[in-house]
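Take a look at the structure set out below.
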Amino acid sequence: MAMSLVAAAAATFATNVSAGGHGIDLEGKTVEWVIPFSETGGSAKWANFYAPLLSEALPGNPTVVVKFMPGAGSTKGANWFQEQEYDDGTLIFGSSGSTQFPYLLGDPRVRYEYSDWNVVLASGTGGVAYLPPDLAQKMDGLDASALRDTDFIYGSQGATRLDLVPLLAWEMLGLNVEPVFGIKGRGDGRLMFERGEANIDYQTSSSFLKGVTPLVEAGTAVPMMSWGALDADGNIVRDPTFPDMPTFKEICEATEGCETSGEQWDAWKAFFVAGFPAQKMVFLPAGASNDAMVTYTKAFEDIKARDDFADISAGRLGKYPQMTGAKADGALKSATQVPDAAKEFVVNWLSERYGVTLN
């Protein structure tokens, strides 16, 4: 019954967007795209990729400017956006998994409500963990057991952010990874790795493709694993952007003591699903008109329909779904809901492992 209601709501949304509005004209205006992270991470690369294409696709060809509002792992920017109301269609917001997770976990700093916002694009992505070459050489094929005697340092945005996916994965592998909390974007974690201040890191796909691939080519970084992707049946399979790279599931299966069943695995997979298949989303603020929704939805659909989109996006975003309309609405629901058992496990783990209490 619940699924029927979701499907009906999505169908109604799609009908309204395609037939119920006439659009808005943005000629001579400037659209501000607020990103609640620093300018060095994957969200910045995602927004900077789309911004000029969106300028071309929107009626009136407005200037689209990406503005950064980092702080509290994106909570500062999201709380700010919650206070905004729709005016003339010149404000949009880009969220990420690190915005979704505090919301899912009931972080007391969260004052935003996703159901008040209006999604016009949902972008799937992946993630890659990587090591310095001397540590990568210690792995025995896919078996990570030999890394257990290493003291790892990792630059983290916070335990309740998207970083909980790698942190829990590394713990499941038995690795001793100590996070340095407080960085403002994943790009800052990469810079720590480059400077030798961290010896393990992960980046979302867009940031890995642009920021870490040169390190791999230079021989100063070696991919360890991707988080993987979901097939049509919800199984974790190899990431289509990195088909030659093993997934965390494969590494876990090859490493003694790491289990791909049970409550720990179920919790990891639930938050992976919430954080990556619909990891980045574009929203109009509360009160957005149907005409504005029509305009932005059509603009992103026109971008996806470009003859060159597959080619230009593969090297910047990776090979992932870019969803609009009913699919974006469904992706939002998937990204902002996790099973209670998974949530309870993660809340307890955060308290026991990092002393983070969410009440």
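Numbering of residues begins at 1 and proceeds along the displayed sequence.
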Can you tell which of R306, K298, K304 makes a side-chain hydrogen bond (donor to acceptor under 3.5 Å, both in side chains) with D302? K298

Going by the side-chain hydrogen bond (donor to acceptor under 3.5 Å, both in side chains) test, name the single residue among S95, S43, S123 that passes it with K280. S43

Looking only at side chains, do [X] and [Y] share a donor and an acceptor under 3.5 Å apart?
X: S261; Y: E259; answer: no
X: N61; Y: E56; answer: no
X: T99; Y: S74; answer: yes
X: W349; Y: Q264; answer: no

For the [atom1] atom of [X] and the [atom2] atom of [Y], what is their distance to the nearest 0.5 Å?
X: K45; Y: E39; atom1: NZ; atom2: CD; result: 9.5 Å
X: F68; Y: T40; atom1: CZ; atom2: OG1; result: 9.0 Å
X: Q203; Y: L215; atom1: CD; atom2: CG; result: 9.5 Å
X: L26; Y: D88; atom1: CG; atom2: CG; result: 7.5 Å
X: T255; Y: D140; atom1: OG1; atom2: CG; result: 9.5 Å
X: F300; Y: L54; atom1: CZ; atom2: CG; result: 4.5 Å

Within residues 227-236 or reaching into it, pairs that qualify as side-chain hydrogen bond (donor to acceptor under 3.5 Å, both in side chains) - sequence neighbours excluded: D231-N235

Listing request: all side-chain hydrogen bond (donor to acceptor under 3.5 Å, both in side chains) pairs with a residue in residues 125-139, at least two apart in sequence or in separate chains. Y130-D201, K138-D149, K138-T150

Membership question, hydrophobic clusters at under 4.5 Å side-chain separation (ILVMFWY): are [Y] and [X] in the same one?
X: F193; Y: L162; value: no
X: L121; Y: Y320; value: no
X: L53; Y: V282; value: yes
X: F345; Y: V356; value: yes
X: V216; Y: V222; value: no

Side chain to side chain contact (heavy atoms under 4.5 Å, CB included) for E197 and L191? Distances and angles first, verdict last. CA-CA 8 Å; E197 298 166 357; L191 292 174; over 6 Å; no

Proximity of [X] and [Y] rings by center, below 6.0 Å:
X: Y103; Y: Y114; answer: yes
X: F208; Y: F242; answer: yes
X: W268; Y: F272; answer: yes
X: W80; Y: F93; answer: no
X: Y354; Y: F181; answer: yes

May I ask you to decide if the ring planes of Y50 and W33 are parallel, tilted or perpendicular, using 30° and 60° as cut-offs? tilted

Are side-chain heavy atoms of [X] and [Y] found at a separation under 4.5 Å?
X: K269; Y: D266; result: no
X: V31; Y: T63; result: no
X: K184; Y: Q157; result: no
X: M172; Y: W265; result: yes
X: N118; Y: F283; result: no
X: N199; Y: L131; result: no
X: T160; Y: L358; result: yes
X: R161; Y: P102; result: yes

Nearest atoms (heavy-atom pairs only) where [X] meets [Y]:
X: M69; Y: G77; result: SD-CA, 3.7 Å
X: F271; Y: L105; result: CZ-CD2, 3.7 Å
X: L209; Y: A314; result: CD1-O, 3.7 Å
X: L58; Y: T295; result: CD2-CG2, 3.8 Å
X: S38; Y: P70; result: N-CB, 3.7 Å
X: Y202; Y: P166; result: CD2-CG, 3.5 Å

Could you tell me whether a side-chain N or O of [X] sits under 3.5 Å from a main-chain N or O of [Y], the two making a donor and an acceptor?
X: Q84; Y: F81; value: no
X: S206; Y: G42; value: yes
X: R111; Y: E83; value: no
X: T241; Y: K319; value: yes
X: R238; Y: P243; value: yes
X: T75; Y: A72; value: yes

Please evaluate residues D143 and S145 with respect to the criterion side chain to side chain donor-acceptor pair (under 3.5 Å), reporting the C-alpha separation (whole Å), side-chain torsions for both, the decisive distance (0.1 Å), and the verdict. CA-CA 6 Å; D143 184 354; S145 301; 2.6 Å; yes

Pair E178 + R353, salt bridge at N-O below 4.0 Å: yes

Ion pair check, D107 and R109, cut-off under 4.0 Å: yes

Using side chain to side chain contact (heavy atoms under 4.5 Å, CB included), reason through I200 and V177 one step at a time and then give a plain yes or no. CA-CA 8 Å; I200 195 167; V177 179; 4.1 Å; yes

Would you find more than 12 non-hydrogen atoms of other residues, nucleotides or ligands less than 6.0 Å from E253 atom CD? yes

T247 vs V237, test: side chain to side chain contact (heavy atoms under 4.5 Å, CB included). Steps then yes/no. CA-CA 7 Å; T247 65; V237 296; over 6 Å; no

Would you mind listing the cluster partners of I153? Hydrophobic ones only (ILVMFWY), side-chain contacts under 4.5 Å, chaining allowed. V180, I183, M192

